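Residue numbering restarts at 1 for every chain, and letters A, B, ... go by the order of the sequence lines. Source: prediction; values computed, not measured.
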Amino acid sequence: MASLDLVNVQKSFGPIKILHDISIGLQDGEFLVLVGPSGCGKSTLMNIIAGLEEPTAGSLKLQGRDITNVAPAERNISMVFQSYALYPNMTVAKNIEFPLEMRKVEKSARAERVKSVSKLLQIEHLLDRKPRQLSGGQRQRVAIGRALAREPQLYLFDEPLSNLDAQLRVDMRTEIKKLHQRLKATIVYVTHDQIEAMTLATRIAVMKGGVLQQLGTPYEVYNQPANTFVASFMGSPRMNLVKARVSGTGGALSLDIQSGQGARVSIALPPSATPAGLQAYAGQEVIAGIRAEAVSLARDGMVAGPTHCFVDARVEVIEPTGADTLVVLNLGGNEFTVRLEPDAPLKPEQNARFLIDLSKLVCFDAKTESLIA
Amino acid sequence: MASLDLVNVQKSFGPIKILHDISIGLQDGEFLVLVGPSGCGKSTLMNIIAGLEEPTAGSLKLQGRDITNVAPAERNISMVFQSYALYPNMTVAKNIEFPLEMRKVEKSARAERVKSVSKLLQIEHLLDRKPRQLSGGQRQRVAIGRALAREPQLYLFDEPLSNLDAQLRVDMRTEIKKLHQRLKATIVYVTHDQIEAMTLATRIAVMKGGVLQQLGTPYEVYNQPANTFVASFMGSPRMNLVKARVSGTGGALSLDIQSGQGARVSIALPPSATPAGLQAYAGQEVIAGIRAEAVSLARDGMVAGPTHCFVDARVEVIEPTGADTLVVLNLGGNEFTVRLEPDAPLKPEQNARFLIDLSKLVCFDAKTESLIA
Amino acid sequence: MQPRLDIARIVLYVVLFGFAVVFLMPVYVMAVNSFKPLDEIRTGNMMSLPIDWTIAPWLSAWSTAQIGVQPTGLKPFFINSFLLVIPSVALSTLIGALNGYILTQFKFRGANLMFAAMLFSVFIPFQIVLIPMAKTLGFLGLAGTVKGLIFVNTVYGIGFTTLFFRNYYAAFPTELIRSARMDGAGFFGVMGRILLPNSTPIIVVTVIWQFTNIWNEFLFGASFSDFSSYPLTVALNNLVNSSTGVKEYNVHFAGAFIAAIPTLVVYLVSGKYFVRGLMAGSVKG
Amino acid sequence: MKSGYLPKLLFSPSVFLVLVCVYGYIMFTIYLSFTTSTMLPTTEWAGTAAYARLLGLENWQVSLSNLATFASLYILIAMAMGLGLAILIDQKIRSESLFRSIFLYPMALSFIVTGTAWKWLLDPGVGLERSIHLLGWESFSFTWIKDSEMAIYCVVIAAVWQTSGFVMAMFLAGLRGVDTEQVNAAKVDGAKTWQIYLRIILPQLGPVFVSAFVILAHMAIKSYDLVIALTNGGPGRSTWLPSVFMYQYTFTRNEMAVGAASSVLMLVAIGAVVLPYLFSEMRKVKNG
Amino acid sequence: QQQSVEVLHWWTSGGEASALNVLKQTLEKQGVTWNDMPVAGGGGEAAMTAVRARVTAGNPPTAVQLLGFDVQDWAKQGVLADLNDLAAKGNWDKVVPPALQKFSKFNGKWIAVPVNLHTTNWIWANKEVLAKAGVTSEPKDFDEFIASAEKVQKAGFIAIAHGGQPWQDATVFDSVVLATGGVDYYKKAFIDLDTKTLGSPTTLKVFQRMSQIRKLVDKDFSGRDWNVASGLVISGKAGFQIMGDWAKGEFVNAKKVPGKDFNCYRFPGTQGTAAFNTDNFAMFKLSDPAKTAAQMKMAADVMDPSFQSSFNVIKGAAPARSDVADAAFDECGKKAIKDVAEASKNNTLVGSIAHGHAVPASMKSAFYDVITRHFNGQIDDKKAVAELVSAAKN
Ligand SMILES: Nc1ncnc2c1ncn2[C@@H]1O[C@H](COP(=O)(O)OP(=O)(O)OP(=O)(O)O)[C@@H](O)[C@H]1O
Ligand SMILES: Nc1ncnc2c1ncn2[C@@H]1O[C@H](COP(=O)(O)OP(=O)(O)OP(=O)(O)O)[C@@H](O)[C@H]1O
Ligand SMILES: [Mg+2]
Ligand SMILES: [Mg+2]
């Protein structure tokens with residue numbers, strides 16, 4: 001396995017700049033998950049790593065070797081394409097075998113490998129079919145199988161599980177995780193699935209409009225988002241972001257949440273949960289971010305802990321998702337989504353009291369939208 | 001909008017039977033979500049409804065009219081294809097406009113429509129591009145746009161959001177929900193996303209290997225799964241299914257969970273949470289199903305309510321997903337996954353006490369694997 | 001889906017049938033007259049069926065008709081034509097595929113200009129290359145040999161074959177090629193394993209074109225070969241185009257059919273490779 | 001994709017051959033056209049004498065105007081027929097291969113012989129006209145081949161007959177390369193069969209149109225056997241084409257310089273007509 | 001080393017080939033292998049192309065069948081061999097009619113050997129048809145011929161079977177010119193290209209007569225092969241055909257007997273004169289002495305009287321030597337030999353315009369252009385004369 005360094009990689013299609021100065025350094029055996037809104041340049045970046053597109057500027061190093069001008073075939077990289085790109089003239093087995101054949105792997109070893117990969121992906125019964133006789137999910141698994149057949153220095157997966165059902169997805173995710181651990185493979189992985197990103201990544205790169213927003217561990221990205229974009233992009237439902245004014249001084253700051261027309265809400269911040277940088281914003285406006293799961297329904301007789309506080313809000317919408325219930329509140333005139341147990345005893349239009357875990361609170365500069373740490 | 005009736009629809013490709021006797025009746029304005037493992041025949045069923053494949057047997061009625069032999073163009077159906085199937089020779093705008101043009105919609109009205117649809121899908125800036133110049137998610141949105149341009153009797157969506165990022169996915173989901181409510185459109189929708197299925201559907205059809213397993217409201221499917229397949233297919237993490245022996249008689253039954261080597265666990269069932277049919281199984285084995293979210297960490301001093309019970313279990317694996325933590329327990333020798341708050345104070349290998357909500361317990365016949373109601 | 005028979009389809013069949021009849025008319029004339037004795041042709045109606053059926057003209061065209069001084073029939077010239085046509089077709093098709101691949105997948109300066117140059121080359125009248133080519137062949141020592149003919153037919157086939165393949169590959173899904181390159185396929189791997197196996201229809205078209213053209217090529221055959229390497233067309237021409245002798249139309253027609261058999265076989269065999277939906281399901285979008 | 005040296009290396013033999021055997025020889029021909037060559041090439045310089053003679057020849061003018069009529073009609077009709085037949089054949093018909101072969105077979109037969117069959121068919125005294133008379137339609141008249149105004153249309157008919165099957169094959173190959181999923185999508189979008197062809201399939205066949213055009217244009221320009229076998233240039237000189245002219249003057253009339261001059265003028269004319277079209281089409285292929 | 005000859009020719013029809021086979025066998029008896037190189041097509045057009053390619057490639061055949069002025073043209077290129085030694089030995093200058101020598105010699109050197117002597121001013125007539133139309137005697141002059149033909153036409157037959165191809169039109173023209181202007185006019189106008197003579201009223205008359213013939217031809221004549229036209233006569237659909245002596249083959253092949261079923265006679269008004277064409281084997285310069293030796297053997301064999309006889313009996317022409325016995329020939333053949341001998345003696349043996357024995361190929365074709373256009377009614381008689389003159393000027 002190998003380390004991968006992207007140095008100031010840029011890409012334009014004609015006049016349109018798709019990637020701006022992307023620099024990422026990956027250690028041997030890292031699992032990088034690329035996330036970002038549709039069209040932000042993830043696949044383009046993957047193609048550049050694979051050598052299928054030339055970067056307009058910048059360079060790439062694999063295991064210290066400059067590969068900017070190396071042909072894809074000589075990079076020793078495997079890739080699962082977002083669009084599958086199965087070979088229509090070959091059966092499933094042949095598709096999987098192809099990269100091995102190209103690397104001159106012996107016939108019996110190939111057959112072995114096809115067998116084990118197809119077993120892993122539960123497509124053994126499809127080995128003799130042509131791509132056009134497969135369902136969407138089956139095609140996607142064949143595409144994965146083709147990439148897994150080899151053991152290259154680097155794997156690239158572009159949304160490999162998007163067409164699989166939830167169970168299979170969990171299975172495949174586990175398999176990929178195992179694979180990563182077993183082979184100590186370096187992997188770059190694009191996904192839109194939050195859970196995939198959180199569970200698989202050793203590091204997550206969040207992109208937006210071709211610009212790298214944050215590169216960090218899943219914990220960092222989730223709990224210390226570099227800016228409001230990352231904050232609201234990661235996590236579902238998205239983080240609640242509300243404008244608030246910082247008041248008080250010294251050790252005891254509090255946030256006053258602006259009220260459009262609703263009642264004004266003031267939240268006192270416990271010193272332990274106050275970012276150091278927030279002091280400088282006293283009297284100014286910031287953006288406060290609280291995740292939906294940091295709020296719970298206050299039960300009768302509960303007492304707020306040192307990092308908790310109570311707020312009263314009006315219930316607007318209730319959306320049961322099975323495992324939980326999402327409730328949209330009106331908090332000081334702002335929409336505020338919280339996640340509660342499935343059988344939370346609430347009805348639309350009622351008022352209720354909620355408990356906020358302030359240790360999960362993050363604040364952003366109102367102008368630059370970056371994290372105040 | 002229109003009602004749709006599938007009557008004993010069957011489909012074989014050569015010797016392989018893909019769909020077995022599917023009968024589904026949809027009311028005007030219903031939103032049917034088709035779910036099932038990859039390759040179970042969802043797309044095939046969609047194709048049959050669209051008229052792109054002929055059923056081997058059975059018939060279809062749209063608004064009471066037999067359409068089994070009606071050409072696709074005359075069915076007045078819109079469809080989003082799993083593979084997008086964009087027209088490579090046309091720009092995005094032309095792609096969206098095409099179905100309108102085919103229905104002889106006036107030019108100005110078409111332009112209007114393209115504008116509003118592309119705004120809805122956030123692809124206004126892409127209107128002049130060719131499909132080849134789009135990212136995966138952008139292509140998918142164009143495909144949706146093409147389907148939404150018209151207002152047909154029936155919409156078919158085959159995994160329309162699989163390549164979108166989480167935020168966009170939520171947005172689009174909401175838009176589709178709104179569309180459904182505004183137009184009172186009848187919709188058939190394939191997805192692998194549990195949340196999509198639960199939030200969008202008026203009814204869910206669960207398929208497996210070409211056989212319809214259950215057709216019911218999201219609540220029914222989630223809480224009263226017709227069999228163990230449906231139970232474990234719907235919901236993530238999957239429902240915990242453990243073999244248990246029913247003991248006791250009369251009003252007070254209890255379940256003894258078989259222990260491979262672990263300690264034997266016995267759970268007393270409160271009469272209010274005991275399915276009527278379970279009486280007949282006294283002394284026999286059943287499969288008990290408990291969802292991960294029906295279990296919580298018992299806190300010190302807690303007292304079990306009338307439909308709750310305590311169990312002791314050993315923590316095996318802890319998997320934080322951001323919003324919650326998934327914990328795999330060893331319960332009487334069985335793996336048992338529970339979903340806890342993100343900061344549950346647990347460590348692997350420790351023993352702890354958990355609270356089970358027995359009102360969520362479901363039992364299945366051990367042989368037929370169907371629900372005991 | 002097996003379409004049902006309705007009015008539209010009946011019309012479709014009627015139209016197809018009508019065209020088929022028109023297309024078959026000349027060959028009908030040839031066929032019926034190839035089975036008539038010469039007298040009957042001289043005196044009778046050319047469109048009517050033979051009164052006195054005979055296969056003598058066919059036998060004669062095959063084995064006894066006069067091609068040169070010896071009454072050899074067309075038989076001995078088949079081999080020559082095959083020796084000439086098979087390598088020429090294979091070579092020019094291969095070169096065309098190669099050029100098409102290079103021209104569509106590798107962008108280098110002057111590539112488009114070269115393509116235009118090759119394209120334009122199909123328009124040159126062959127009579128203008130005859131003399132210089134004769135000189136060239138003489139210089140290369142290939143004059144009067146099958147090798148020389150193969151060379152000539154290959155060179156002047158490149159324009160077409162390149163055109164066919166380049167235009168076909170221009171629409172080929174790039175993802176497939178990219179994927180193959182990722183999988184470690186080199187230049188020839190991509191071509192041999194991905195492009196060619198997915199080019200069946202265009203290969204069929206190219207082979208039909210090249211086979212027919214080279215099989216029926218006369219000018220080069222007559223000019224650049226000697227009797228031992230004469231291709232079939234020259235023989236057929238000698239059979240048909242004798243100047244002041246008696247014209248045995250029945251033998252001519254039979255000879256024409258015989259000479260066309262390989263081409264017809266190629267058409268029949270290759271036809272079934274026009275398969276539908278070659279790419280379906282290989283890529284999204 | 002970036003190119004290493006291998007593609008260029010593999011491409012260069014073709015380039016070399018084409019440059020030498022086509023453009024080199026064209027140079028040679030241009031040179032010949034300025035000499036006094038008659039039977040064999042000579043090097044004696046004659047200036048533009050050959051061109052002067054050529055332009056004064058009525059045969060040349062007749063040939064050119066015939067070519068204009070013939071080429072435009074032939075290309076148009078053969079293209080339309082080929083496309084039409086391909087679409088008809090593409091309708092999942094029974095005995096597809098039979099029909100396909102029937103339309104394609106004329107390509108297999110060399111015109112050395114089919115010319116005779118056509119000559120008979122078109123001949124009013126023995127062919128179609130007489131047969132129809134025998135069937136009872138006495139007033140039917142089809143004497144084009146004997147009519148110097150109309151004979152060129154007979155050449156068009158025979159040429160269309162010979163090549164439209166091949167054009168059909170080309171279009172069929174193109175039609176069958178189009179992804180079925182797109183066709184499915186168009187069906188659902190409410191497109192009728194003809195609209196699917198017109199809007200979805202044909203626009204993707206741009207390159208096939210280019211190929212077909214080149215094939216037909218080249219046939220139109222090079223048709224020699226056809227004319228010789230069918231009308232031998234007659235009645236009178238009314239079906240002469242430049243190809244006949246070139247051949248006649250170069251090899252039969254021993255006026256090689258004039259023949260060369262006519263080739264040069266033809267090439268210039270072809271270049272003027274074809275190249276702009278090709279370039280525009282190629283640009284479309286690249287961007288579209 | 002095995003001696004061999006390579007012979008390029010276009011005699012590939014049954015009769016021609018078996019005639020040539022005589023030569024082949026003769027040579028093989030002398031130990032010379034025969035490498036055939038037949039290239040048929042038109043009047044040897046394809047063959048001429050092939051020769052050019054062969055010569056350019058530096059690989060000419062031993063002998064090439066050539067017509068008329070082509071021999072001279074090739075000789076001018078300096079690629080033909082010198083046969084004078086052989087000619088002296090065989091006394092060719094004496095036995096070959098001077099009119100023919102003009103084509104087989106260049107700058108006083110023999111370079112080619114003549115094989116046959118065809119004459120073109122023949123008429124072929126179906127006796128039965130003529131009888132039915134009431135034509136009992138052979139027409140003596142042009143007007144009589146026209147009158148007879150008109151009778152045939154009136155009787156419901158095609159009067160003159162003709163194929164509308166330039167060379168056939170020109171073949172008729174040969175005869176009409178001879179009949180109208182006589183040998184002197186013919187030579188002056190069409191061989192010496194004297195423009196005054198060409199523009200004279202005689203020429204106008206020639207074209208007027210062509211127009212007369214045109215009226216006696218059926219409407220479907222255009223493009224018809226000559227042998228189809230012969231077929232019309234043979235099958236009794238037409239009365240006459242104006243065609244060279246090779247037409248006899250068609251009649252004989254259809255089991256018709258000269259004198260009994262059909263008649264052959266000189267075009268009315270041309271008795272005693274003959275327009276001829278002759279096939280030569282031009283001998284190319286070779287570098288290999290073994291080949292040259294074989295070439296000389298071949299040339300000698302061709303000029304051998306017994307070969308000339310046996311070849312031309314089959315070919316249907318007269319021998320190119322005037323000293324060959326006519327015993328083996330049929331009635332028409334005997335007449336041909338007699339006529340040729342007479343004409344040669346009277347110096348009325350003239351090269352055929354139609355077959356490139358009057359003027360070189362380019363001029364011949366220019367004449368074709370005029371004759372054909374006139375015959376097809378595209379230009380009138382006067383215009384035809386004018387165009388003929390202007391063609392001759394170029
Ligand atoms: N042309 C064909 N020939 C043979 N089998 C086919 C053909 N098309 C589809 N199948 C098979 O039919 C089954 C159902 O396919 P379908 O596309 O309906 O699955 P699906 O439920 O949409 O799956 P996914 O969620 O993966 O898209 C699959 O097992 C597939 O392999
Ligand atoms: N050939 C091209 N010409 C112009 N723009 C292009 C081209 N290919 C891609 N783009 C644009 O580049 C941007 C990035 O594309 P890319 O495929 O990398 O997105 P992505 O992050 O993978 O998105 P998704 O999640 O939707 O797959 C998109 O906005 C796309 O429209
Ligand atoms: Mg992408
Ligand atoms: Mg599917």
Query raised in the report: Side-chain contact, heavy-atom cut-off 4.5 Å: E:V228 with E:D225?
Result: yes
**Report entry** Most chain C-contacting option - heavy-atom pairs closer than 4.5 Å, from E:R52, E:R54, E:K24
**Finding:** E:K24
Report summary line: Highest number of heavy-atom pairs under 4.5 Å with chain C among E:N59, E:T49, E:V7 belongs to E:T49
Requested in this report: Please assess E:D245 against E:K248 for the test salt bridge (Lys or Arg N to Asp or Glu O under 4.0 Å), listing each intermediate value before the final yes or no.
Outcome: CA-CA 6 Å; E:D245 46 17; E:K248 189 180 69 187; over 6 Å; no
Please classify the contact of [X] with chain E as side chain, backbone, both or neither, using a heavy-atom distance under 4.5 Å.
X: C:F218; answer: side chain
X: C:F139; answer: neither
X: C:S225; answer: backbone
X: C:I131; answer: both

Requested in this report: Please flag which part of E:N35 lies under 4.5 Å from any non-hydrogen atom of chain C: side chain, backbone, both or neither.
Outcome: neither
Query - Qualifying residue, where the test is side-chain hydrogen bond (donor to acceptor under 3.5 Å, both in side chains) with E:S352 and the options are E:T171, E:N277, E:D174 - result: E:D174
Query - chain E contacts, top residue of C:A222, C:G144, C:A235, C:P132 (heavy-atom pairs, under 4.5 Å) - result: C:A222
Tell me if the centroids of the rings in [X] and [Y] come within less than 6.0 Å of each other.
X: C:W58; Y: C:H252; result: no
X: E:W167; Y: E:Y368; result: no
X: E:W11; Y: E:F311; result: yes

